[in-house]
Amino acid sequence: MLEDPQVEPGMRVLEIGTGTGYSTVVLATRRGDELVTSIEYDSDVATKARAVLWQQGINPTLVTGDGFLGHAESTPYDRIVATCGITVLSAWIAQTRPGGLILAAIGGWLPGSELARLTVHKDGIASSPLLGGQVRFMVARPQAPPPLGRRLDLPTGTERQTNIGAEIPDDWTARFIAQFAPSPAPRASSSLPAPPRTRRLARRRLAKPLQPHDRDG
């Protein structure tokens with residue numbers, strides 16, 4: 001994670017997610033306290049990290065708050081490194097100088113994300129190929145899914161057949177792509193038995209691909 005952002009001497013760095021403070025120590029030791037800002041959302045975690053850094057004689061700028069919003073007071077940044085999964089990063093792009101890099105795990109509420117090293121352009125757009133590796137971090141808390149609440153086995157609704165198998169959500173790449181198509185939604189399953197018709201379709205699906213014209217007989 002600390003090699004991919006290509007942090008060079010003299011660069012100003014914003015770290016999203018202080019955590020234990022390990023990465024913060026490495027960055028501040030190699031690049032200097034005055035060039036490193038780190039944000040932690042959890043106040044208890046931030047307090048512990050602050051104590052650890054103080055014991056090591058390291059004093060970067062530590063902020064307790066919503067890392068999703070960045071930290072405008074120290075902008076512009078040459079590099080932003082995020083140790084959490086995110087879906088939207090417009091504030092970070094605005095706080096990064098043109099030509100700067102943002103390293104973050106891009107993903108949604110499904111358990112599938114990929115590491116991206118985004119280059120920020122003069123027009124305010126950031127672009128990048130994915131670095132790959134099926135990297136997964138905890139989703140940034142402001143973007144975390146809400147509690148599911150009521151159970152998903154609703155008694156009413158219209159049944160529709162599909163030629164997409166039930167095993168598709170088990171594929172990492174499929175999850176990564178699918179989560180950007182619909183509105184954000186978590187993946188959930190139920191321990192309740194499926195209706196008889198669903199069980200018959202599932203058995204058929206194991207035997208052969210279900211075609212759009214198939215009918216339950």
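Counting begins at 1 with the first residue of the sequence.
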Once rounded to the nearest 0.5 Å, what's the spacing between atom [atom1] of [X] and atom [atom2] of [Y]?
X     : Y      : atom1 : atom2 : result
Tyr77 : His71  : OH    : NE2   : 5.0 Å
Arg79 : Arg97  : CZ    : CZ    : 6.5 Å
Thr20 : Leu53  : OG1   : CG    : 9.5 Å
Ile93 : Ile125 : CD1   : CD1   : 7.0 Å
Leu27 : Tyr22  : CG    : OH    : 10.5 Å
Glu8  : Arg30  : CD    : CZ    : 9.5 Å

Answer yes or no: is there a donor N or O on one side and an acceptor on the other, between the side chain of [X] and the main chain of [Y], under 3.5 Å?
X     : Y      : result
Gln56 : Ala51  : no
Tyr41 : Ile16  : no
Asp78 : Arg12  : yes
Thr75 : Ala72  : yes
Trp92 : Gly67  : yes
Thr96 : Val120 : no
Glu40 : Gly19  : yes
Asp33 : Asn59  : yes

Nearest heavy atoms of [X] and [Y], plus distance in Å:
X      : Y      : answer
Ile58  : Ala28  : CG2-CB, 3.5 Å
His121 : Pro98  : C-CB, 4.3 Å
Thr29  : Val25  : OG1-O, 2.7 Å
Ala82  : Ala104 : CB-CB, 4.0 Å

Should [X] and [Y] count as side-chain neighbours, where that means a heavy-atom distance under 4.5 Å?
X     : Y      : answer
Arg50 : Thr18  : no
Val13 : Leu35  : no
Leu89 : Leu118 : yes
Pro9  : Arg31  : yes

Evaluate Thr24 against Leu62 for side chain to side chain contact (heavy atoms under 4.5 Å, CB included), listing each step before the verdict.
CA-CA 9 Å; Thr24 315; Leu62 299 179; 4.2 Å; yes
Side chain to side chain contact (heavy atoms under 4.5 Å, CB included) between Arg117 and Ile102, intermediate numbers included:
CA-CA 6 Å; Arg117 185 172 56 216; Ile102 299 174; over 6 Å; no
Single hit among Thr37, Ile39, Val36 for side-chain contact (heavy atoms from CB on, under 4.5 Å) with Thr61
Thr37
Applying side chain to side chain contact (heavy atoms under 4.5 Å, CB included) to Asp66 and Leu69, what does each step give before you reach the verdict?
CA-CA 6 Å; Asp66 187 352; Leu69 301 177; 3.9 Å; yes
